[in-house]
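Here you go, one structure.
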Amino acid sequence: MVQDLEHIEDTITNSSFWEATKNFLGLHMNIGNDISISILDVLVIITAIFITTVVLRIVLKIMIRKIPEENKGKFGVVYGYFRWLVYIIIFLITLHSVGVNITAVFAASAALLIGIGLALQTLFQDIISGIFIIIDQSVHVGDIIEIDGKVGRVEEIKLRTTRAVTIDNKVLVIPNHLYLENSLYNWTQNGNTTRESVEVGVAYGSDVQLVKKLLLQAANTNERVLSEPAPSVIFTNFGDSSLDFKVSFTIADSFKAQFPKSDIRFEIDRLFRENNVSIPFPQRDIHIIKT
């Protein structure tokens, strides 16, 4: 039996197909003057990357098994950066194991990397900003943010961009470098409840205590307004043509704040009409001088 196996092995080894395969796998590609890599080396690198991908997927499933559902998105973002770091390390280790001079690889790619860095400065700014977002924890998946006058709920934080969805269900793609160049308002970093307000002006001579009562009634009767903390009314200013008030209230979903604010404005208008409280138009006095 052993002799038969040895005979088969010798036959395969001495066959022209085997020799052709060995010659093909032994073909070398020269990259520059210092780097030479064979087709077999390329296959080894591809196999190592494939095995790494499988292992990383298994590790991810094991790690997120006991993580709460609301935190899986945040963990996935951080894990994505870790995965690319592992790929780079495995790639370099594999190159070294097949006999490629890693120092030569770095030397050969240095000029290319400098050229890419100069040509793609904005891209690098986005990537660096994305890393800062993860480290700083200023924005998480699910947060409601306002940047450059645009408001959206964060759905995904990638290495280069952040994807958010607006109240109109439009996808907002934000380059990460904008976080460093603009003021960012995170509406939900302290929780989903926010303090909102509606401003209104009434005519001079109106009963201000009645106005306060009606504004509180409009806010308290809205089902989306929380009872604690209670709504409040502030007499903000003696305007040019009106007495200015602001009614403040708390809601649980700041992303849809425009809807309760609109309902409260409708209710204020109705209550003012029923109680003969007028909202004045801007008034200007024009003096005509005849010469």
Side-chain angles (χ1 to χ4, degrees), residues 67-78 80 122 125-127 129-130 132-134 136-201 214-234 236 244-272 279:
I67 295 179
E69 191 67 30
E70 62 273 13
N71 292 329
K72 286 184 179 180
K74 303 175 185 178
F75 179 81
V77 174
V78 178
T122 303
Q125 288 178 1
D126 290 334
I127 294 174
S129 300
F132 285 163
I133 291 172
I134 299 301
D136 188 53
Q137 296 289 297
S138 57
V139 179
H140 301 89
V141 173
D143 285 351
I144 299 172
I145 61 172
E146 177 182 354
I147 185 170
D148 198 21
K150 300 178 179 63
V151 178
R153 189 192 301 274
V154 177
E155 297 289 335
E156 187 178 17
I157 301 175
K158 294 184 177 181
L159 190 62
R160 193 182 68 83
T161 60
T162 296
R163 190 172 67 89
V165 177
T166 66
I167 187 64
D168 301 318
N169 200 32
K170 297 177 182 177
V171 176
L172 183 64
V173 179
I174 307 170
N176 287 336
H177 75 271
L178 292 181
Y179 291 115
L180 301 181
E181 299 177 357
N182 297 273
S183 297
L184 170 68
Y185 297 94
N186 192 329
W187 291 10
T188 53
Q189 190 166 34
N190 292 330
N192 291 327
T193 59
T194 56
R195 194 72 171 171
E196 305 291 341
S197 63
V198 170
E199 297 182 2
V200 65
L214 296 178
L215 292 177
L216 289 175
Q217 180 180 340
N220 285 318
T221 55
N222 190 287
E223 61 181 11
R224 299 183 184 180
V225 173
L226 302 180
S227 57
E228 291 294 335
S232 61
V233 173
I234 301 175
T236 58
D244 299 329
F245 292 83
K246 180 171 71 173
V247 54
S248 301
F249 48 88
T250 303
I251 60 175
D253 188 357
S254 57
F255 191 53
K256 299 180 179 180
Q258 61 178 344
F259 298 112
K261 291 168 74 171
S262 175
D263 293 339
I264 289 173
R265 290 188 183 99
F266 276 116
E267 184 65 10
I268 289 174
D269 181 72
R270 187 186 69 82
L271 291 173
F272 279 10
I279 300 175

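If you read the sequence from its start, that first residue is 1, and numbering goes on from there. Basis for what follows: all heavy atoms, side chains included, without hydrogens, waters or symmetry-related copies. The model shown is predicted, which means the values in this text are computed figures rather than measured ones.
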Any residue meeting side-chain contact (heavy atoms from CB on, under 4.5 Å) with Asp263, in chain and number order, not counting sequence neighbours
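Asp263 satisfies side-chain contact (heavy atoms from CB on, under 4.5 Å) with Asn222 only.
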
Shortest non-hydrogen contact between Leu226 and Thr193, atoms and distance
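Closest pair (atom of Leu226, atom of Thr193, distance): CD1-CG2, 3.9 Å.
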
Heavy atoms of Val154 and Ile157 approach each other most closely as CG1-CG1, 3.8 Å

Using a distance-only test with no angle check, is there a side-chain donor-acceptor pair under 3.5 angstrom linking Thr194 and Glu196?
yes

Lys256: side-chain contact (heavy atoms from CB on, under 4.5 Å) partners, not counting sequence neighbours
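If we apply the side-chain contact (heavy atoms from CB on, under 4.5 Å) test to Lys256, skipping adjacent residues, the hits are Ile167, Asp253, Phe259.
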
Looking at Asp143, Ile144, Ile147, which one forms a side-chain contact (heavy atoms from CB on, under 4.5 Å) with Asn186?
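Testing each of Asp143, Ile144, Ile147 against Asn186, the sole residue satisfying side-chain contact (heavy atoms from CB on, under 4.5 Å) is Asp143.
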
Minimal non-hydrogen separation, Leu172 against Lys150, with atom names
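Looking at all heavy atoms of both residues, the shortest contact is CD1-CD, 3.6 Å.
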
Specify the closest pair of heavy atoms between Ser197 and Lys261, including all atoms of both residues, with the distance to one decimal.
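Ser197 and Lys261 have their closest heavy atoms at O-CE, 3.4 Å.
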
Holding to salt bridge (Lys or Arg N to Asp or Glu O under 4.0 Å), I want the full list of residues that pass it with Asp244, two or more places apart in sequence or in another chain.
none

For Ser232, all residues meeting side chain to side chain donor-acceptor pair (under 3.5 Å), sequence neighbours excluded:
Arg195

Tell me, please, which residues at least two apart from Arg270 pass side-chain contact (heavy atoms from CB on, under 4.5 Å).
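Checked Arg270 against side-chain contact (heavy atoms from CB on, under 4.5 Å); matches are Glu267, Glu274.
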
Ring pair (Phe, Tyr, Trp, His ring centres under 6.0 Å) against Phe245, all qualifying residues, sequence neighbours excluded:
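Once residues adjacent in sequence are excluded, the partners of Phe245 under the ring pair (Phe, Tyr, Trp, His ring centres under 6.0 Å) criterion are Phe235.
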
Only counting residues at least two apart or in another chain, list the ones meeting side chain to side chain donor-acceptor pair (under 3.5 Å) with Gln217.
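So Gln217 forms no side chain to side chain donor-acceptor pair (under 3.5 Å) with any residue.
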
Kindly write out the residues that satisfy side-chain contact (heavy atoms from CB on, under 4.5 Å) with Thr161, not counting sequence neighbours, or none if the list is empty.
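Result, side-chain contact (heavy atoms from CB on, under 4.5 Å) vs Thr161: Lys158, Val173.
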
Which residues share a side chain to side chain donor-acceptor pair (under 3.5 Å) with Asp269, sequence neighbours left out:
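Testing Asp269 for side chain to side chain donor-acceptor pair (under 3.5 Å), a comparison that skips the adjacent residues, returns Arg273.
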
Which heavy atom of Pro260 sits nearest a heavy atom of Arg224, and at what distance?
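That closest heavy-atom pairing would be CD-NH1, 3.6 Å.
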
According to side-chain hydrogen bond (donor to acceptor under 3.5 Å, both in side chains), does anything in residues 162-172 pair up with another residue at least two apart or in another chain? List the pairs.
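Qualifying pairs, neighbours excluded: Thr162-Asn176, Thr162-Tyr179.
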
Between Ala218 and Ile264 the two heavy atoms that sit nearest each other are O-CG1, 4.0 Å

Roughly how far, to the nearest 0.5 Å, is CD1 of Ile234 from CD of Glu199?
9.5 Å

Side-chain contact, heavy-atom cut-off 4.5 Å: Phe249 with Leu216?
no

